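Report on the structure given below.
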2 protein chains.
Amino acid sequence: MSTIQDVARQAGVSISTVSNVLNGRTGRMGKDTLARVRAAIAALDYRPNRAARQLKTGRTPMLGLLVPSIANPMYGYIAREIETAAQERHGLRVLLGNTYRNRLKETRFFDDLLAHGVRGVIVVSSLVDERHFESAVEHGLVMVSYDRRATPEIRSGIDHVSVDNFEAARLAAAHLIEHGHRRLAFVTASGKTMSRSEKIDGFLAAAEQAGLRASARVLDCAARADYGDSEMVDVGREQAARIAGDAERPTGIVALNDMLAYGLMAGMREYGIAIPAAVSVVGIDGLFLSTLVSPALTSVELPVREMARTIVERIVGRLADPSLPTGEFLFPPRLVERDSVARCRDAEPAAAPEAAR
Amino acid sequence: MSTIQDVARQAGVSISTVSNVLNGRTGRMGKDTLARVRAAIAALDYRPNRAARQLKTGRTPMLGLLVPSIANPMYGYIAREIETAAQERHGLRVLLGNTYRNRLKETRFFDDLLAHGVRGVIVVSSLVDERHFESAVEHGLVMVSYDRRATPEIRSGIDHVSVDNFEAARLAAAHLIEHGHRRLAFVTASGKTMSRSEKIDGFLAAAEQAGLRASARVLDCAARADYGDSEMVDVGREQAARIAGDAERPTGIVALNDMLAYGLMAGMREYGIAIPAAVSVVGIDGLFLSTLVSPALTSVELPVREMARTIVERIVGRLADPSLPTGEFLFPPRLVERDSVARCRDAEPAAAPEAAR
DNA sequence: TTGAAAGCGCTAACAT
DNA sequence: ATGTTAGCGCTTTCAA
């Protein structure tokens, strides 16, 4: 690898001149000096050493990205959009870490980012407890959290970008209600993350508004202790078993997310419960896999690309101007109808006048 | 952030002593000197600046990982295993890049790695043309290619880790043959990557051996030009349409990979072709999603974790000793039976004596 | 057993 | 318009 020295020698100029070219300070530079430097750079196939530059400037064109597990299709999707936005819009590379929702792994990742001189980091769907985040922020990290709402009333050094989870679940439940369902359930994994609580609230609000609050149920179930990508799927399967044996079975189900819905549907199938004939299901996320399961899953879709862009812009912006206040950025979800919801057969005509159509 | 200077001052020693502690050269060090240094490090929450270290040593504990798109569940799975192996076994971080199978993006990623001082890189399922790889290797990158076989007879500066694709497809076809299928097809996307050709060969070899070569068909279909994660799914769907309209329709299908199989099954469903009653399907990859589609997909599973470990060990090994020769590492696949294969109804009893069981 | 000092490649004052 | 120079924080001889 050639260095700035080699380029300077080759071009017959000093290293400062080369450095000036490198950093775009070509304003009052001799036209042919510039040309000679450029030629030398090309001839030597010179690439500035980032470590040296970083040692001097304290900056490195890199972002950290922390996900529970990149094998989970939802996180893979988000990661792709974030990497693409960071690279194409700002030339930033992405350092990836799987945390398996382990606090120690998260902390170590922050430490490594700091040591590597990386100042911007995106944390996807982390733990409820955010204290170690604040500590990382104090050490100089500019952080954006995805899929966690800000804790109300607490000033945070972290940007929060997420979908309106309340609205997402409300939309899903309302869709079921519109189709005449009156025995509703929200199926979730236990362990209250903030986004889960919000979804539950949205679900219950829709039920309440339709006068169905009394019969609406929230079914949760412990996930396996160790984080796996099939965690949600397993929860769905397990819940299917429980629901199958339930005499007062719900006819309309909102799933915490698409992966859980897939597991739920697979489980239902094993118990011979037809979807959507016997039970209708709505997911949340809008993964492209939802078109592949059978029946294709009706789901509340998240504007992932837009969120990814906002995340990157926030980091870049606050990196450039640390005095910028942090904020909360909420995105609207959108229901995408597919084939997992049918009109409820038990629906009373009075309650659903359009049942005959 | 505190520096080595701060630690030295706090401990009342020179920076060399601190550096020695940092690098484990504590052999003949005063017992309490060591203790004082350690205490100072802890007290100041000191973390060595990697950029400075790298500038000196030329090394940085980081690997590059290039995938077509991390949103593709198969690449997400591989990426997770690689990141985990790199981090847990060697403390290495992973720099991720999506290439969308674009040669320019790949080249730029290599350039950036070099500039960042990263010397090890893993390339997953890249283009057929490997010339830009060799150029990167000449510039000092230690490279491992996943899912591409070495070009025979050509000495390469690259390690190749892959599954035995021939065997994978052979296994899949043999499984169909065992179930009495005599009209076989291999469904693939057009564009001949090496792994695809090998799979085709394995498929045809199995057909040949069963005397079914004449009727065995390879169906390919152009993917959309721009790389997308639903690329394979779309190809599967399109092929389903074609197969549905085929009077001499195959009864046993081997899909290039699981994603394509999902699309194929979804397409078949739309055309009212029952799986496995009318057509049996076998995928290749063994993604966990295969348990979620309906019917659950019988698939030839890849030993992804073992492959990921080998990939990391190869890089680390050759980074430590560049004189190590590169090699090819082939892993055996394994058939996992689920519900997408049934005994062929058209099977002639003579050809399949156990048909009556 | 510990310390002094050179230098990795670059940026950005400051000089000229 | 271009060059000189002082570090950024660390590792590693070499000397004491």
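This is a predicted model, so every value here is computed, not measured. Each chain gets a letter, A, B and so on, in the order its sequence line appears, and its residues count up from 1.
Residue A:R53 is classed as a sugar-phosphate contact, given heavy-atom separations below 4.0 Å to backbone atoms only. Within 4.0 Å of B:N23, counting heavy atoms only, lie sugar-phosphate atoms of the nucleic acid but no base atom.
Atom CZ in B:R50 sits roughly 12 Å away from atom C1' in D:dC10 (whole-Å rounding). To the nearest angstrom, P of D:dG9 lies 17 Å from NE2 of A:H116. Remark: P of C:dC10 and CZ of A:R59 are 19 Å apart, rounded to the nearest angstrom. One can place CG of B:D6 at 13 Å from C1' of D:dC10, the figure rounded to the nearest angstrom. Here the P atom of nucleotide C:dG9 and the CG atom of A:L22 are 14 Å apart, to the nearest Å.
With DNA chain C read from its 5' end, the first of the two nearest nucleotides for B:R28 and B:L55 is the one closest to B:R28. Mapping A:K56 and B:P48 onto DNA chain D by nearest heavy atom places A:K56 at the nucleotide closer to the 5' end.
For the residue pair B:D147/B:S162, the side-chain donor-acceptor check at 3.5 Å is not satisfied.
Without hydrogens or angle criteria, A:T17 side chain to A:V13 main chain gives no donor-acceptor distance under 3.5 Å. Side-chain N or O atoms of A:N98 include one that pairs as donor or acceptor with a backbone N or O of A:I70 at under 3.5 Å.
Taking 4.0 angstrom as the limit, B:T33 places a side-chain polar atom (N or O) nearer than this to OP1 or OP2 of C:dT2. Between C:dT11 and A:S19, a contact under 4.0 Å exists linking OP1 or OP2 to a side-chain N or O. Between A:T3 and C:dG9 there is no side-chain polar atom (N or O) within less than 4.0 angstrom of OP1 or OP2. Under 4.0 angstrom from either OP1 or OP2 of C:dA12 there lies at least one side-chain N or O belonging to A:R25. Taking side-chain N and O atoms only, A:T17 has no distance below 4.0 Å to OP1 or OP2 of D:dT2.
For the atom pair A:R50 CZ and B:L113 CG, the distance stands at 11.0 Å (nearest 0.5 Å).
Distance from the side chain of A:S14 is smallest to D:dT4 among C:dT11, D:dT4, C:dC8.
Taking the six-membered ring where the residue is Trp, A:F110 and A:H132 present tilted rings, their angle falling between 30° and 60°.
Applying the 3.5 Å distance criterion, the base of C:dA4 shares a donor-acceptor pair with the side chain of B:S16.
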